[in-house]
Amino acid sequence: MTIKGWTIPAAALALASAAGCRTVKDVMDDYEAAITAGDYAKPIAETSKLAGESGDTQLLWQLLAGSAMYMADDRAGARRMFDAAEESFARNDTTSVFAQGAEGALAMMTNDREFSYDGGGQDRIFACLYKSIDMMASGDAAGARVELNRASRYQANWLYDRRKDIDAAAKKMEADADAYAKREKASPQGDRSRHVAKAMGDASFGASIKEKCGFDPATSGDLGRLAPKDYMNVYAAHLTGVFRWLNGDSDLNHLRDAATLAPGCAAAVRDHREQTRGGRPSNQVWIYVEDGLCPCREEWRLDLPLVLIPYLNRYVLYAGMALPYLRYRTQGAASWSVQTPAETVQMEQLANIDALIKTEYDVYMRGALAREITRVIVKASAQVALGIAADNTGDWKHKLAIRAAQAGAAAFAASVTAADLRCWSALPKTVLVARVPRPVDGKVSVIADARRIELDLPEGNAMVFIRKPGPAAAPVVKTVVFK
């Protein structure tokens, strides 16, 4: 591999990939293949082992192991993993992962993978939801209530947490860029800021980012532009509201929020209307389906157009960058309905998890794009400084040494250019809901395309949770009865 004629040293290549080691992407790809085939137990051994090791990606492995155990109905194992994840989240409450990495030697000048995976708002909310569902199914209503309360609190803190991370990342980026520029005699901060702003505002560059990533540098991910529906998890709100309603808890807020966030979902609107009238339901069944898989991240590598780099182009040996884009995945079934002896009800979309993940991706990208441009500009300016120095020395030995240093700076830039692809890729694509009266015989069928899922429900109200991550995957069913 060469950069404008310069061979990248073997040491730099070693930095780019660890030969013989499974990468995060390798593990995540195998995980996806297993759970979409319905082999929920297969990924548990590897992700559990990784979750037990300290490291920047430990939280992700805890979440992936926990969700595999959840789908395999290993309730104790899932709870253990999600509890461990909660401890990891709690560490990030006090200090952003970017601030935690402040001691690293210019860590921000490499890529975002140098920092610990901190999850996102939906990660933390879903971890609580899955714990609560298993607790409900095990008869632990008190424990489920605690987890649902936590999910509500994390939802309420969503904007605050995003701002905290954005501020910490910006401070770390500025400090590391300044230190690197000073060490390499590159451009000062004032010049760099103008060049970053120019790149972010370039229409052609922005159009290419939008086409590939679905991210508009001018508007996407701006916290000030977000409406509650963009980041509030209506599934969590509705599930919590129904649970509290059936348990006789005093709470009108959650079902109100669900009806407001999903006005087109008749079940959510009906539940809110009935709850406000008072009383509790009798022999009613709520069925939730978590269908498909949410978007995952893939890497897109590109060269920052040299017109955006304010240096003599002949001195820039490498100016590449890497960004994540979202790969959207298929549904578990194209059609879902609920059938009783009295009626057949088409299930309705309650929550678009794809859209929630896209919001969090956009918020991340708003900072990540600026960071990547900054990295490119600072590292390119270092190459330029060395190139100019080489041209202005008459000592051939000194010139050769400077040229070697210039090639080394380019090799470093190439070796650390990578996108952060970590994400909790086991979350659903969409959540559907239906509410039906319990038949006298308690027999209810849920139909996923041509597949029938038979339920036999005892007397009382019930909540049924079905997970189907892919068309070939057998559905996971968890039932909660309120007698």
One should read off an interatomic distance between Met232 CE and Asp230 CG, to the nearest 0.5 angstrom, of 11.5 Å
Rounded to the nearest 0.5 Å, the SG atom of Cys265 sits from the CE atom of Met347 at a distance of 9.5 Å
Look at atom CZ of Arg366 and say whether more than 12 heavy atoms of other residues, nucleotides or ligands are closer to it than 6.0 Å.
-> yes
Separation between CG (Asp222) and CG (Asp362), nearest 0.5 Å, reads 10.5 Å
request  = Give a yes or no on whether a salt bridge exists between Arg91 and Glu87, defined as a side-chain N under 4.0 angstrom from a carboxylate O.
outcome  = no
Problem - Sidechain N-carboxylate O distance under 4.0 Å for Arg150, Glu147 - result: yes
| query | Cation-pi between Lys212 and Tyr325: NZ/CZ under 6.0 Å from ring centre and within 45° of the ring axis? | reply | yes
Worksheet entry | Salt bridge present between Asp291 and Arg467 (N-O < 4.0 angstrom) | no
query = Is the closest side-chain donor-acceptor distance between Asp112 and Tyr117 under 3.5 Å?
reply = no
Q.
Under a plain distance cut-off of 3.5 Å, with no hydrogens placed, do Asn253 and Arg256 share a side-chain donor-acceptor pair?
A. yes
Is it true that Asp39 and Lys42 have a side-chain N and a carboxylate O under 4.0 angstrom from each other?
no
Working for side chain to side chain contact (heavy atoms under 4.5 Å, CB included), residues Val338 and Ile447:
CA-CA 6 Å; Val338 178; Ile447 304 170; over 6 Å; no
request  = Check whether any side-chain N or O of Arg162 sits under 3.5 Å from a backbone N or O of Leu223 as a donor-acceptor pair, and report yes or no.
outcome  = no
| said: Please determine whether a side-chain nitrogen of the Lys or Arg among Lys429 and Asp354 lies less than 4.0 Å from a carboxylate oxygen of the Asp or Glu. | reply: yes
(Q) Within the 4.5 Å heavy-atom criterion, are Tyr364 and Pro324 side-chain neighbours or not? (A) yes
Self-check item: More than 12 heavy atoms from other groups under 6.0 Å of CD on Glu211
Solution: no
Determine whether a donor-acceptor pair (N or O, by modelled atom type, separation under 3.5 Å) exists between the side chain of Asn157 and the backbone of Tyr160.
no
Would Thr359 and Leu356 satisfy side chain to side chain contact (heavy atoms under 4.5 Å, CB included), going step by step from the backbone distance to the final call?
CA-CA 5 Å; Thr359 293; Leu356 293 177; 5.6 Å; no
CD of Gln122 to SG of Cys294, rounded to nearest 0.5 Å, is 10.0 Å
Does this structure show an ion pair linking Asp73 with Arg75, if we count only N-O contacts that are shorter than 4.0 Å?
yes
Nearest heavy-atom approach of Trp424 to Ser67 is NE1-OG, 3.3 Å
Could you check Asp56 against Arg422 for salt bridge (Lys or Arg N to Asp or Glu O under 4.0 Å), going step by step and ending with a plain yes or no? CA-CA 10 Å; Asp56 295 337; Arg422 296 173 296 178; 5.5 Å; no
Before accepting this row, confirm whether a basic side-chain N of the pair Arg113/Asp420 lies closer than 4.0 Å to the acidic partner's carboxylate O. no
| query | In terms of side-chain heavy atoms, does Arg124 have a donor or acceptor partner in Gln155 at a distance below 3.5 Å? | reply | no
Pair Arg277, Glu274 - check salt bridge (Lys or Arg N to Asp or Glu O under 4.0 Å), show working.
CA-CA 5 Å; Arg277 292 174 181 168; Glu274 290 186 9; 5.7 Å; no
Here the gap from Asp257 atom CG to His272 atom NE2, rounded to the nearest 0.5 Å, amounts to 9.0 Å
_Quick check with a 6.0 Å cut-off and a 45 degree axis cone: is Lys131 positioned over the face of Phe126's six-membered ring?_
no
| said: Run Arg79 and Asp134 through salt bridge (Lys or Arg N to Asp or Glu O under 4.0 Å) and show every step you take. | reply: CA-CA 8 Å; Arg79 181 171 181 175; Asp134 269 349; over 6 Å; no
Say whether Gln62 and Ser88, considering side chains only, have a donor N or O and an acceptor N or O under 3.5 Å apart. yes
Looking at Trp300 and Ile209, would you say the former's side chain and the latter's main chain have a donor-acceptor pair under 3.5 Å? no
- Message: Quick test of your reading of the model: are Asp29 and Lys25 salt-bridged, counting only N-O distances below 4.0 Å?
- Response: yes
>> Please evaluate residues Phe243 and His254 with respect to the criterion ring pair (Phe, Tyr, Trp, His ring centres under 6.0 Å), reporting the C-alpha separation (whole Å), side-chain torsions for both, the decisive distance (0.1 Å), and the verdict.
In response: CA-CA 10 Å; Phe243 173 82; His254 288 92; over 10 Å; no
- Does a side chain donor of either Tyr235 or Thr430 reach within less than 3.5 Å of an acceptor in the other side chain? no
Expected output: side-chain Thr23 to main-chain Asp26 donor-acceptor under 3.5 Å = yes
Should Arg327 and Glu32 be marked as a salt bridge (Lys or Arg N to Asp or Glu O under 4.0 Å) after you check the CA-CA gap, both sets of side-chain angles, and the distance that decides it?
CA-CA 13 Å; Arg327 172 169 62 89; Glu32 178 181 352; 2.9 Å; yes
Salt bridge check: are Lys171 and Asp167 linked by an N-O gap of less than 4.0 Å? no
Q) Ion pair present between Arg435 and Asp271, side-chain N to carboxylate O less than 4.0 angstrom? A) yes
Between Phe465 and the options Trp286, Tyr288, Tyr70, the ring-ring contact (aromatic ring centres under 6.0 Å, His included) test singles out Tyr288
- Are a donor atom and an acceptor atom from the side chains of Tyr130 and Glu290 found within less than 3.5 Å of each other? yes
Problem - Leu421 and Val24, any side-chain heavy atoms less than 4.5 Å apart - result: no
Looking only at the side chains, is there a donor atom on one of Glu360 and Trp158 sitting less than 3.5 Å from an acceptor on the other? yes
Separation between CG (Leu50) and CG (Leu64), nearest 0.5 Å, reads 9.5 Å
